Amino acid sequence: MSLADNLASIQQRIRAACERAGRDPGSVALLAVAKTQPPEVVRAAAELGLTLFGENKIQEAKAKIPLCPDRLRWHFIGHLQTNKCRDAVSLFEMIQSVDSLPLAQELQKRAEQAAKTMPILLEINVAGEGSKFGYQPERMLTEFKEIISLSRLEVHGLMAIPPFTPVPEKARPHFRRLRELREQCEQLLGAPLPHLSMGMSGDFEIAIEEGATIVRIGTALFGERSKGGVQGV
Ligand SMILES: *Cc1c(COP(=O)(O)O)cnc(C)c1O
């Protein structure tokens, strides 16, 4: 299958999931996860009309983004270390993976220095997995007011990577949980939060049925990632 075929099939599946859920297909953004893919592949995807791309490593993004078309929008979706916040603020339009108050405070400082406002999502460890990054839900709710008080950050919603399962339906409770957490945050904020970033190649249709506004898709679009590739992923 070509990239164009993969994209057409994903778009069709997004439309069908929206139809089942009674949602407008325009309310779901497709974020192309470009990790391990070279700039030529990003360019080919951009020529097919994709504009939103994701990376999960700062080093890789720093090398790749300058070689890609200018008009693209980039979101950071990986674990962010505080010593990489300056690069993250300069390279990305949104950081989807903020999972602690110290990280938010460091982003605030770097955004201030860059005279920017940084849109962010809070990444939630929805299944409470010990091995995963992401806020524990209770802790996020406790720190939410402090995070929204940071003047250079704009919280746009929540992101999650539920446990991998070959049975997509099993991810549904985790997506639902993320949606409920967003409602709790909206109450604390007193305003709507537009984004739920959830759903990957194996489970994006379920995520859309549960309210995803951004689906992050790599494999279904670009094919399997090579494990020992030059990018070191
Ligand atoms: C790699 C990655 C994806 C895409 O995963 P696929 O299963 O290849 O679609 C989505 N989100 C994050 C945070 C990732 O690291």
Side-chain angles (χ1 to χ4, degrees), residues 1 3 5-14 17 28-38 41-42 44-45 48 50 52-62 64-65 72-81 84 88 91-100 103 119-127 129 131-135 140 156-172 174-175 178 195-208 210-233:
M1 289 266 278
L3 184 55
D5 291 337
N6 291 345
L7 177 59
S9 150
I10 290 164
Q11 285 171 331
Q12 172 51 36
R13 289 165 65 191
I14 290 175
V28 179
L30 169 56
L31 179 145
V33 177
K35 62 188 184 194
T36 79
Q37 305 297 339
V41 172
V42 173
L48 293 171
L50 286 170
L52 184 60
F53 291 82
E55 288 290 344
N56 72 336
K57 290 198 162 70
I58 296 292
Q59 280 304 108
E60 185 180 339
K62 211 172 163 178
K64 190 190 299 180
I65 293 176
L72 306 183
R73 299 152 52 213
W74 294 87
H75 285 193
F76 189 69
I77 59 174
H79 178 62
L80 184 57
Q81 291 165 305
K84 304 269 171 67
L91 289 164
F92 292 94
E93 174 192 285
M94 181 185 279
I95 314 280
Q96 293 204 1
S97 43
V98 176
D99 64 358
S100 77
L103 179 59
I120 64 166
L121 303 181
L122 300 176
E123 180 180 351
I124 310 298
N125 185 345
V126 269
E129 293 169 281
S131 60
K132 276 242 178 97
F133 294 114
Y135 253 124
M140 181 277 290
H156 285 219
L158 305 180
M159 181 271 239
I161 312 168
F164 174 78
T165 155
V167 185
E169 193 59 41
K170 287 198 177 158
R172 190 185 295 278
H174 301 299
F175 295 142
L178 196 70
H195 285 302
L196 278 178
S197 172
M198 57 189 196
M200 312 191 346
S201 291
D203 54 18
F204 67 90
E205 290 146 301
I206 308 283
I208 289 169
E210 295 299 330
T213 64
I214 302 173
V215 290
R216 309 178 309 266
I217 299 183
T219 314
L221 189 59
F222 299 119
E224 290 293 331
R225 288 178 287 274
S226 58
K227 296 275 188 304
V230 282
Q231 313 280 2
V233 177

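Counting convention: from 1, in listed order, for ligands and their atoms alike. These numbers were taken from a predicted model, which means no experiment stands behind them.
The protein non-hydrogen atom at the shortest distance from atom 8 (O) of ligand 1 is Thr219 OG1, 2.5 Å. For atom 9 (O) of ligand 1, the nearest non-hydrogen atom of the protein is Ser201 OG, 2.5 Å. Here the protein heavy atom with the shortest distance to atom 12 (C) of ligand 1 is Ile77 CD1, 3.6 Å.
Between Val33 and ligand 1, no pair of N/O atoms sits closer than 3.5 Å.
Counting heavy-atom neighbours within 6.0 Å of Lys132 NZ, excluding the residue itself, gives a total above 12.
Ring centroid separation for the pair Trp74 and Phe92 does not come in under the 6.0 Å cut-off.
Ion pairing between Lys35 and Glu60 fails under the 4.0 Å rule for side-chain N and carboxylate O.
Side chain of Lys64 to backbone of Gln37: a donor-acceptor contact under 3.5 angstrom is found.
Remark: ligand 1 atoms within the under-4.0 Å shell around heavy atoms of Ile161 are 13 (C). Taking every non-hydrogen atom of Ile217 and a distance limit under 4.0 Å, the qualifying atoms of ligand 1 come out as 9 (O).
For Ser197 and Gln96, the side-chain atoms include at least one donor-acceptor pair closer than 3.5 Å.
Using a 4.0 Å cut-off between heavy atoms, Arg225 contacts ligand 1 through its side chain alone, with no backbone atom that close.
When Lys35, Met200, Arg216 are checked for heavy-atom proximity to atom 14 (C) of ligand 1, Lys35 turns out nearest.
For Arg13, the salt bridge (Lys or Arg N to Asp or Glu O under 4.0 Å) criterion is met by Glu205, not counting sequence neighbours.
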